[in-house]
Amino acid sequence: MSIYDSLNEEQKKGVFTTEGPVLLLAGAGSGKTRVLTHRAVYLIEELGVNPYHILAITFTNKAAGEMRERIDDMVGYGSENIWVSTFHSTCVRILRRFIDHIGFGTNFTIYDTEDQKTIMKDICKRLEIDTKMYKEKSLLAAISSAKDELISPEAYALRAQGDFRKMKEAAVYREYQQVLRKNNALDFDDLIVKTVELFQSDMEVLDYYQERFRYIMVDEYQDTNTAQFQLIKLLAGKYKNLCVVGDDDQSIYKFRGANIYNILNFEKEFPNAVTIKLEQNYRSTQNILNAANGVIANNVGRKAKRLWTENEEGEKIAFHQFETGFDEADYVAKDIRSKVREGMYHYGDCAVLYRTNAQSRLFEERFITASIPYKIVGGVNFYSRREIKDLLAYLKTIDNAMDDLAVRRIINVPKRGIGATTLSRVQDYADENGLTFYNALKMAEEIGTIGRASAKIRPFVMLIQSMRSKLPYISVSELLQEIIEETGYVRELEAENTEEAQQRMENIDELISKAVTYEESEEEPTLSGFLEEVALVADIDSVDETQDYVVLMTLHSAKGLEFPQVYLAGMEDGLFPGFGAICAENPTAEIEEERRLAYVGITRAKERLSISCARMRMIRGETQYNKVSRFVKEIPRELLAGTIQKEKMPDIPKPSMMAKNAFSAKPMALRRTGVPEARNFGNSAMKKPLDYAVGDTVSHLKFGTGVVKQIIDGGRDYEVTVDFSGVGVKKMFASFAKLKKL
DNA sequence: CCTTAGAATCTTTTT
DNA sequence: GATTCTAAGG
């Protein structure tokens, strides 16, 4: 009896075919991670391959961590030498060692999207670019996709010949790269691009890594872009023991440059490649799988594949259409609660998946009132919160003052009375003398143009210098404490005495404990090491399976995960598939990508799947009326319980809001403003009698308790004015505020 | 130099 | 609706 006996024939083939290129087409839930881990174990234990020679690349840190853990459990000894990590951290590790070969310092910083925007704004100003015509965001997007395709600024300019817009973009691209180089910084895309550049220009370094990584495995291969493909190709160029695992039906990152041809043309690129298909699904019930198959079958140009399962048929897929997004959230909350009460599921078994992050808010509010424990994945990344970025900027400046951006961020935080005029004069001085911004600050007294302001700059420089001198003697967490103490950062927040400041202080505590965790986990903790780890985390990495909470996240974040009970919310044309896809110049391709996303969503469910949508939904402050998603209609009817008809919530008496909704059949939301029907919508018929009056005390989800000051009959709805203690006076519409009389 | 109120923009998805 | 940007007043 060996650990390999539990694998099916195809899985075994994937494990034992260790030499040469292998393409593993693994359908959803077909046990691909098992194959990858067993394969690593097989290499080490049976073939005697030194773990040092194995590289496994995954998409997220979470996936990497899981894979490492599973291998650790199976291999007794030495498995810690396997290199399991994401594309980005793999590249950082390589670049930290060798990037000086291509003219960067090995202590480079990594810019996040916010940093990129700041840089871009600056560039647009300097190049006198009209940001009405060329939005910073779209310029950055153009640069990013160029990098995904390994197109240099020069090549971009060459291609742009004759196209005015493209030529402008090329100029910006060139300038952008120069600024990054000057700041010794790389953006996310550069991590890959520069590694490829390094390998192409330095045969010795390439050879070193080719020798090291004799066996390479790549997970989620369908989401690699051209640059990542090139990287893999270079690394595997010598031994060609490359095993890629992917599913073309789950390719959902085209917007980020994922190149589907990497998987579709793998056999062309590696002529003697062995292709293995894993088609048996171990995750979902037959009904769920059939639903997924029904949807994805509408895509053309996919690799032939038919998922099947020996699992039982299972329950039908629940489908509900609600009046509003509120009702939908209400239903999900109630359903989860009753399932937990019945003892059928734990909170941790349930996931709510949606297309856009904005949808999380309704669920969050409902879950709070229903006291359901939950965790929202995504949205604003922990490390991009203001207070966290401020403190990190201090750390960066102490670590490596070459990062002008970090220095500029904190020079006046907390307020030191240093304003924009002074800063631009310092910048001019720095430019004239070829100094970094920080070095110019150090010489503030020499700068004639700033006068008395130099007295304000001096204490800042002293602070940084003194921190830096302490660096060898104290840990990262101690350094953080020191910064907080010296700058009075937390003291200021305390003084604010608001809910928001409280939250920020909690986040700061969280950051300190992350630093402590880092120090404990690392053998040789360094400040640079900490900053690096922090730069590359995704939100999904923090999901902890052992905790009992419902997770809420976008379909994109859900890839690679599975849950016994899944709620697929907001299945509406216009939201999912989104407008972007419906109105795109190439709708077919975009709709197909959305359809793959739907496929990913459906296949996350193991036992129960509940699909829902709302007729009416607030998006960006505007009310939209949406039809049921076309993807729902692609699910074979007999698999659905419930109908694509109007459905009322049983226990919440709602005034019939759509008494005569003649227009619900039309895609109303396609027309955004000035639609007469939409304006008329809900005349006095929708007005629900209020159970409170002026002078009553009421409670509100967000604002807490307050006293009703005024009620105005606005025709279609009541406008209620409430004075909330501590928050102030708020005006709101009764039907949306959901005020409760106390 | 800093604070504030109103305008503008945004949303598809993220390492 | 919420966040971010801009212009004017203090």
Side-chain angles (χ1 to χ4, degrees), chain A residues 57-64 85-92 110-114 116-118 121 131-132 135-138 141 144 147-148 186-192 220 223-225 227-228 251-258 325 353-362 365 377-381 383-386 412-423 452-453 456 534-541 553-559 570 574-584 590 593-594 596-598 600-601 617-624 672 702 732-733 736:
Chain A
I57 298 186
T58 61
F59 212 65
T60 63
N61 292 303
K62 185 172 190 283
S85 73
T86 63
F87 269 106
H88 294 269
S89 25
T90 301
C91 288
V92 172
I110 301 165
Y111 278 175
D112 65 13
T113 19
E114 199 190 319
Q116 290 179 287
K117 251 199 217 150
T118 314
K121 239 187 248 161
T131 50
K132 282 268 172 339
K135 296 254 189 301
E136 284 101 345
K137 254 188 122 175
S138 63
S144 178
K147 288 182 179 178
D148 289 342
L186 302 184
D187 64 20
F188 281 127
D189 301 314
D190 280 341
L191 294 177
I192 316 286
E220 308 284 13
D223 288 324
T224 51
N225 61 33
Q228 289 163 334
S251 161
I252 55 174
Y253 281 106
K254 192 147 146 264
F255 72 94
R256 212 168 62 189
L353 309 182
Y354 37 75
R355 180 68 238 270
T356 66
N357 276 309
Q359 288 166 258
S360 65
R361 216 190 89 244
L362 289 179
E365 285 172 359
V377 177
V380 207
N381 189 315
Y383 291 102
S384 34
R385 287 162 212 262
R386 197 207 314 161
N412 202 29
V413 176
K415 301 262 181 310
R416 298 187 175 88
I418 304 166
T421 340
T422 310
L423 290 185
R452 286 200 315 277
K456 292 173 179 167
V534 148
L536 296 173
V537 295
D539 212 32
I540 190 75
D541 299 336
M553 64 186 132
T554 62
L555 289 151
H556 282 90
S557 303
K559 195 182 60 160
L575 186 62
F576 185 34
F579 282 124
I582 295 171
C583 309
E590 302 235 355
E593 171 118 343
E594 298 270 308
R596 289 193 289 271
L597 200 50
V600 168
R617 185 182 292 277
M618 276 272 253
I619 295 175
R620 260 166 53 200
E622 260 186 300
T623 309
Q624 289 189 1
R672 312 201 93 169
K702 249 199 349 282
M732 55 195 70
F733 284 111
F736 281 81

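Here is how names work: the chains are called A, B, and so on, in the same order as the sequence lines, proteins then strands, and each is numbered from 1.
Annotation: B:dT13 and C:dT4 have their P atoms spaced 15 Å apart (nearest Å).
Here A:Leu191 lies out of heavy-atom contact (under 4.0 Å) with every strand. Within the nucleic acid shown, A:Lys456 has no heavy atom closer than 4.0 Å to any nucleic acid atom. Across all strands, A:Gly417 comes closer than 4.0 Å only to sugar-phosphate atoms, never to a base (heavy-atom distances). Residue A:Asn412 is in sugar-phosphate contact alone, with no base atom involved, counting any heavy-atom pair closer than 4.0 Å across all strands shown. Within the nucleic acid shown, A:Phe576 has no heavy atom closer than 4.0 Å to any nucleic acid atom.
Going from atom CD1 of A:Ile252 over to atom C1' of B:dT15 covers 13 Å, rounded to whole Å. Protein atom CZ of A:Arg596 is 18 Å distant from nucleotide atom P of B:dT12, rounded to whole Å. Regarding A:Leu423, its CG atom lies at a distance of 8 Å from the P atom of B:dC1, rounded to whole Å. Across the protein-nucleic acid pair, A:Glu136 atom CD and C:dC5 atom C1' stand 11 Å apart, rounded to whole Å. Straight-line distance from the CD atom of A:Glu114 to the P atom of B:dT14: 17 Å, rounded to whole Å. Distance, A:Lys137 NZ to B:dA8 P: 19 Å, rounded to whole Å. Taking atom CD on A:Gln624 and atom P on B:dT12, their separation rounds to 10 Å, with Å as the unit. When rounded to the nearest whole Å, the span between CG of A:Leu597 and P of B:dT14 equals 10 Å.
Distances from the side chain of A:Arg256 to the nucleotides B:dT11, C:dG1, B:dT14 place B:dT14 closest. When distances run from any side-chain atom of A:Asn357 to the nucleotides B:dT13, B:dT12, C:dG1, the shortest one goes to B:dT13. Closest approach to the A:Phe255 side chain among B:dC1, B:dT14, C:dG1 is made by B:dT14 (side chain taken as heavy atoms from C-beta onward). For A:His556, counting side-chain heavy atoms from C-beta on, the closest listed nucleotide (C:dG1, B:dT11, B:dT13) is B:dT13. Proximity note for A:Lys415 (side chain, C-beta onward) versus B:dT12, B:dC2, B:dT11: the nearest is B:dC2. Closest to the side chain of A:His88, out of B:dT15, C:dA2, B:dT11, is B:dT15. For A:Thr86, whose side chain is taken as the heavy atoms from C-beta onward, the closest listed nucleotide among C:dA2, B:dT15, B:dC1 is B:dT15.
Between A:Lys135 and B:dT9 there is no side-chain polar atom (N or O) within less than 4.0 angstrom of OP1 or OP2. The side chain of A:Thr554 contributes no N or O atom lying less than 4.0 Å from OP1 or OP2 of B:dT12. Taking side-chain N and O atoms only, A:Ser557 has no distance below 4.0 Å to OP1 or OP2 of B:dT13. Residue A:Thr60 places no side-chain N or O under 4.0 Å from the OP1 or OP2 atom of B:dT15.
Of the possible donor and acceptor atoms, one in the side chain of A:Asn412 sits under 3.5 Å from a partner among the backbone N and O of A:Ile418.
Heavy-atom nearest nucleotides on DNA chain B were determined for A:Glu593 and for A:Thr422, and the one closer to the 5' end corresponds to A:Thr422. Residues A:Ala420 and A:Phe87 each lie close to DNA chain B; by heavy-atom proximity, the contact nearer the 5' end of the strand is made by A:Ala420.
We find the CZ-OG1 distance between A:Arg256 and A:Thr224 to be 11.0 Å, quoted to the nearest 0.5 Å.
Between A:Phe576 and A:Tyr354, a ring centre-to-centre spacing not shorter than 6.0 Å is recorded. Between A:His556 and A:Phe255, the gap from one ring centroid to the other is short of 6.0 Å.
Salt bridge status for A:Lys147 with A:Asp190: present, with a side-chain N to carboxylate O gap under 4.0 Å. Here A:Glu590 does not pair with A:Lys254 in a salt bridge; the nearest charged N to carboxylate O distance is not below 4.0 Å. Ion pairing of A:Arg596 with A:Glu593 is present here, as a side-chain N (NZ or NE/NH1/NH2) and a carboxylate O approach within less than 4.0 Å.
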